Structure formats: C-alpha cells, structure tokens
Asker: 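Pasting a structure below so you can have a look.
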Number of protein chains: 2
Amino acid sequence: MALAYKDDVKEKILDVAQTIFGKFGFKKTTVDEIAAAARKAKSSIYYYFKSKEEIFEAVIEKEASLIRVDVIKILESNIDSIDKIKQYMLVRMKALTELVNFNDAYKNQYLDHLPFIEKIRVKYDEEEIGLIGRILKEGVDTGKFYMQDVNLTSIAIVTAMKGLEAPLFINTENSEMESRINSLLDILFYGIVVR
Amino acid sequence: MALAYKDDVKEKILDVAQTIFGKFGFKKTTVDEIAAAARKAKSSIYYYFKSKEEIFEAVIEKEASLIRVDVIKILESNIDSIDKIKQYMLVRMKALTELVNFNDAYKNQYLDHLPFIEKIRVKYDEEEIGLIGRILKEGVDTGKFYMQDVNLTSIAIVTAMKGLEAPLFINTENSEMESRINSLLDILFYGIVVR
DNA sequence: CGTTTGACCTTAATCGTATTTTAGTCGAAA
DNA sequence: TTTCGACTAAAATACGATTAAGGTCAAACG
C-alpha cells in the first residue's frame, strides 16, 4: 500500500472538525475555523470535502462506525438472543455518553432542525431498527422469541429506547441505570402479566 | 342555582378561542381575534382571563377533561387490568385525532417551544403517567401484574406510546391501527420470549 | 354591583436597509 | 496532486423606524 498522504490530511480535518463541531454544534462552526484548526486554507478543505454538510456527515459516520464495531461483534457472537439485546442496550447507552456529535445530531433536532440532519437521524434510526430487527428475527427463527410483527416491534423498541434516554439518565448514576435498563428489558422479554 | 351569566360569557369565549387556536395555533391567534369572534371588546376578555396563556390553558383543560371523563370511567369499571390498559390506549388514540389544541400543544413542541406550553405538556404527561401507574398498581395489587418499578414502567409505557404515535399512524388505516396496538400490547403483557 | 368598553401604555414583532459573515468557486502557483 | 488567495453570491446580523399585539385602567353602562 502506497503512502496515503491524502487520507492523512482528510483524517486530520475530520479530527479537528469532530472537536469543533462537538463544541459549537453544526450551525455555529464555520469552515474557516475548521481550516484554521487543521492549519490549511479554507479552499483546501473543499479539495477534500465538497460541502460543510459532507464534513459533518463524515464526522458522524466516523463516530457511528465506532459503535458499529462493537455492535457487529455482539451480533456475530454465539450468545443467546436475550443477552444480545442486553449487550446491545449497554453499548448503545455507552455510545450515548461518548459520541458527542452523533448525539448532538439527535438531541438538537428541535432547536434548529436542518433537513439534512433530519436525514442523518432517519438514516441511523433505520440502521438501528434494522440491527434490533436482526436480533429479533434470529430469536424468532431459533424459536426463542415470538412476536406478530418483527419490524413493528423493532420500531417500538428503538422508539421507546430513545424516549427513555432522558428519564433514564436523570438523577441516575451509572450503576443504577444498568439495573433500570434490565428491569425494563425484563418486561420486554417476559411481559408484566403474571402466570 | 342562580343564573350564571358570567359563566356563559366565559364559555362563549372558550368556545371561540378553541376554534381559533385550533386553526392558527397559539402564537398566530391574537386576543383581538378572540374578542371579535366573541363579540366583545378586548378588555372584556381580560375581565374573564388574566392573560392569553390562561385562555389557552383553559381551552386545553377543557379538551383534556373530555378525555378524563372516558378515562375515569375505564379506571372505575370492574374489568380486568389488562383490558383497562387496552381500553385506555383506544381512548388515547381517539383523543389524539379529535382534540386539536391539546394535540397541537404536543406536536408543535419543537416548532416554537414556548416555555409555558412545555409546562402544560409536562403536566399532562405526568397526569398520564399517573393514570397508567394506577392501572399498573391495581394489577400488581391484585396479583395480575408483576414489575420491579411501577413508576418507571409507567414512564416507559407513556414514552413508548408517544413515540409510537407517528409510526403507528403513518400509512395505517383505523382498523389496522387497532391490531397493531394490540400486537404491541401483547408484548407488554406477555413479552417476546417463548416458554 | 357586576360587566363592558375605548383610550392608553409598553413591549414584542415586522420591516427595510446597510453591513458583515460565511459557504463555496476558480485559476494559478507550489 | 495538493494548496492557497482572491473572489462571488447568498445568508446572517445590525439597527433604527414602524406597526401589531398583550395587557392596564378609569370611566360608563345597565
């Protein structure tokens, strides 16, 4: 493999963009700032990316791929479907606290909801629904799970998960959060009806 | 009971305010419009309400009390806890399509999220969590349900419900919606794990 | 006395315009 | 192939002038 100088610069740009976007958000960061931090002229940035939005998307994708590594590992492991979902939730919650921009694209949806950020959100939501769906389907195929509509259930899980992030984090330390998640997952797995 | 002329005027104001708020939303309706529609001077409105916000809250409360009648009826009936939740969901979804302003206060939270509307939303969310909580607690007390944390479960249900409204309504006719709700409630009741 | 009202006040929204920022282009240089 | 400075067009900001709208009040009405 030859020297990939181009890729180095590109990564440098992404690195500084990640921290600056993380500090000020998409709207409040200028391409000039990114350029300055990367010690390049602004025009050079446009040699590597065709727009500010593309830079942001690349940063998000960079963060998302970090989660994906962990998630794929879980998916391909031989553990029980139940445990796969449990593991998935933990990874998901960990990601929430670490991946600043990925998160920001979600939370600030109402503040200044730019259409392209909305698109990113939808894209990763769908990916997440797909991933949960794979676990569920595997569970169904192996006779572990039963449900009428796998896709609708996936949507329900992701939706509930996203909505629960706020109340789950508020006044909750890490150790308690895990037990809360587990108590909710118990409902998902076994329901609330005694028999 | 003596003639309650005051109450008549107040209701008239609320009536016209309900339709005008319903058409234009809180921000875009003026007190002058409400006054004109009620055939009063603007100052007269302030004889009955101390602010525009108070009018809006009263309209919301008026709509909310309509739901409350149905809900209380369900709560106090002698049907099974499982069916109470099912009934509750149906009433809730029906309300969603009928009570324009109540709804608007929810949906438009991101467009122009006025702090006082946020307060209203939180208030009725908490009421809803409380209502679900009562049904759950009753189920637990009668040995029908089991869960670790009733309150957290209530939050989870309300959260999921609110989040699912959108995907549940999209491309879904009324008949199909009911079956979708039921399939999701089955998960809540019995879980997804086969045994 | 309970209710209604128009005149009035104050603050917030709108508008028009001048100015500045900033995303993105381009040809030339390294 | 990569970098950059000069440039453009469009969007954001600034700001004063004007209008619209929420809210008050003392007087009037029945």
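To find a chain, count down the sequence lines: A is the first, B the second, and so on, and within it residues start at 1. A quick note: this is a predicted structure, and the numbers were derived from the prediction, not measured. Excluded from the calculations below are hydrogen atoms, water molecules and symmetry mates; all remaining heavy atoms, backbone and side chain alike, are included.
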Asker: Nearest-nucleotide wise, let me know which of Lys50(A) and Arg39(B) is further upstream toward the 5' end of DNA chain C.
Answerer: Arg39(B)
Asker: I want to check one thing: is the phosphate of dC4(D), taken as OP1 and OP2, less than 4.0 Å away from some side-chain N or O of Ser44(A)?
Answerer: yes
Asker: Using whole Å, report how far NZ of Lys40(A) lies from P of dA30(C).
Answerer: 16 Å
Asker: Among Leu131(A), Ile72(A), Leu99(A), find the one that has a side chain to side chain contact (heavy atoms under 4.5 Å, CB included) with Ile67(A).
Answerer: Leu99(A)
Asker: Please determine, for the side chain of Lys42(B), which listed nucleotide (dT4(C), dG22(D), dT3(D)) has the closest atom?
Answerer: dG22(D)
Asker: Rounded to whole angstroms, how far apart are OH on Tyr46(B) and P on dA7(C)?
Answerer: 18 Å
Asker: How many Å lie between NZ on Lys28(B) and P on dA20(D), as a whole number?
Answerer: 14 Å
Asker: Within the 4.5 Å heavy-atom criterion, are Ser183(B) and Met147(A) side-chain neighbours or not?
Answerer: no
Asker: Of the non-hydrogen atoms in Ala160(A) and Ala160(B), which two are nearest, and what is the gap between them?
Answerer: CB-CB, 3.7 Å
Asker: Using atom CG of Leu114(A) as one end and atom P of dA12(D) as the other, report the distance to the nearest whole Å.
Answerer: 10 Å
Asker: For dT4(C), take OP1 and OP2 only and decide whether either is under 4.0 Å from a side-chain N or O of Tyr47(B).
Answerer: no
Asker: Tell me the interatomic distance from Phe49(B), atom CZ, to dT4(C), atom P, rounded to whole angstroms.
Answerer: 12 Å
Asker: OP1 or OP2 of dT2(D) less than 4.0 angstrom from a side-chain nitrogen or oxygen of Tyr48(A), does that happen here?
Answerer: no
Asker: Between Glu63(A), Glu76(A), Glu127(A), which is the residue that forms a salt bridge (charged side-chain N to carboxylate O under 4.0 Å, His left out) with Arg68(A)?
Answerer: Glu127(A)
Asker: Among dG24(C), dT22(C), dA6(D), find the nucleotide with the atom closest to the side chain of Lys52(A).
Answerer: dG24(C)
Asker: Using whole Å, report how far CG of Asp8(A) lies from C1' of dT1(D).
Answerer: 15 Å
Asker: Please determine, for the side chain of Val9(A), which listed nucleotide (dT3(D), dG6(C), dG22(D)) has the closest atom?
Answerer: dT3(D)
Asker: Round to a whole Å and report the spacing from CZ of Phe56(B) to P of dG22(D).
Answerer: 14 Å
Asker: Rounded off to whole Å, could you give me the CD-to-P distance for the Glu54(B) and dT24(D) pair?
Answerer: 11 Å
Asker: Check for me whether the distance between the ring centres of Phe116(B) and Phe26(B) falls short of 6.0 Å.
Answerer: yes
